[in-house]
There are 2 protein chains.
Amino acid sequence: METVGQIIRAKREDLGLLLRHVASHLDIDQAILSKIERNERKASKENIVKLAEILKLDHEDLYIQFMSDKIAYEIVNEECASKVLKVAEEKVKYLKNNYLKS
Amino acid sequence: METVGQIIRAKREDLGLLLRHVASHLDIDQAILSKIERNERKASKENIVKLAEILKLDHEDLYIQFMSDKIAYEIVNEECASKVLKVAEEKVKYLKNNYLKS
DNA sequence: ATTTTTCTTGACAATATTTGTCAAATATAA
DNA sequence: TTATATTTGACAAATATTGTCAAGAAAAAT
């Protein structure tokens, strides 16, 4: 079970890229990227898009890891975390069927 | 499939309470409560606690509705919404087992 | 073992989002 | 119509997010 930060660091090192190279592609200071990789800060959605590019990761996969990290972090301390996710899933299905039929 | 706003409005009207009465118990302007009930604004966690009190709703149930609304709203526009929730659930289980054993 | 390079840390700043107020407009009900 | 309740939108304050910078620590190269 990897965090989005772990995935990013692993792939960056695989490709032999430096923090400052990747960070400059994202247009942020390397300090932030360092923190993102260690899960001390959350990436922005824009960061994620550019990270997928430069690290040659599948964009959707990375995005899923990013959002699931964010959501898991929001509720992991609650007893009822699993219940919340189940209800959320029902709501998503309902909304998709009833309001978002494109 | 009800939103947290719908639940609150229904129960408030059931109890015959006015926006301004409930809002004053929450220590907010009635304008906000009006918006919360119509899902134009999100409640804060504190709002939810006090709403459960004054509306005699089960605190955990209301909290689950509140959080699931919030999460569903965050991802409903994404293709991969269901996938995100599934991965989030795995992460929550993993974290609870490995880091939060109290 | 010293120097160079990379990464990490923490204080701070800018910006965006959240959470709220207020007063006027609208809707509902007496 | 008048009184009461709700809604709306412009605005303000507080908080959270997203970032910079520079100095310190760690790792790698010479």
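Within every chain, numbering begins at 1; the chains are lettered A, B, ... in the order of the sequence lines, protein sequences first and strands thereafter. These numbers come from the heavy atoms of this one structure, side chains and all, not from hydrogens, waters or symmetry mates. The structure displayed is predicted, hence computed values, not measured ones.
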> When the distance from CD of E13(A) to C1' of dA26(D) is rounded to whole Å, what number comes out?
Replying inline: 14 Å
>> Among residues at least two apart in sequence or on other chains, which ones pass side chain to side chain donor-acceptor pair (under 3.5 Å) with K11(A)?
In response: none
>> Restricting to side-chain contact (heavy atoms from CB on, under 4.5 Å), what partner residues turn up for I32(A), sequence neighbours left out?
In response: I28(A), I36(A)
>> Suppose we screen for side chain to side chain donor-acceptor pair (under 3.5 Å). Which residues come up paired with S24(B), at least two apart in sequence or across chains?
In response: none
> Considering residues at least two apart in sequence or located in another chain, which fulfil the side chain to side chain donor-acceptor pair (under 3.5 Å) criterion with R12(B)?
Replying inline: E37(B)
>> What does the B/S/- profile of nucleotides 8-30 of chain C look like, 5' to 3', with a 4.0 Å heavy-atom cutoff to protein?
In response: BBB--------BBBB--------
>> My understanding is that only residues two or more places apart in sequence, or in another chain, count here; which of them pass side chain to side chain donor-acceptor pair (under 3.5 Å) with K86(A)?
In response: E89(B)
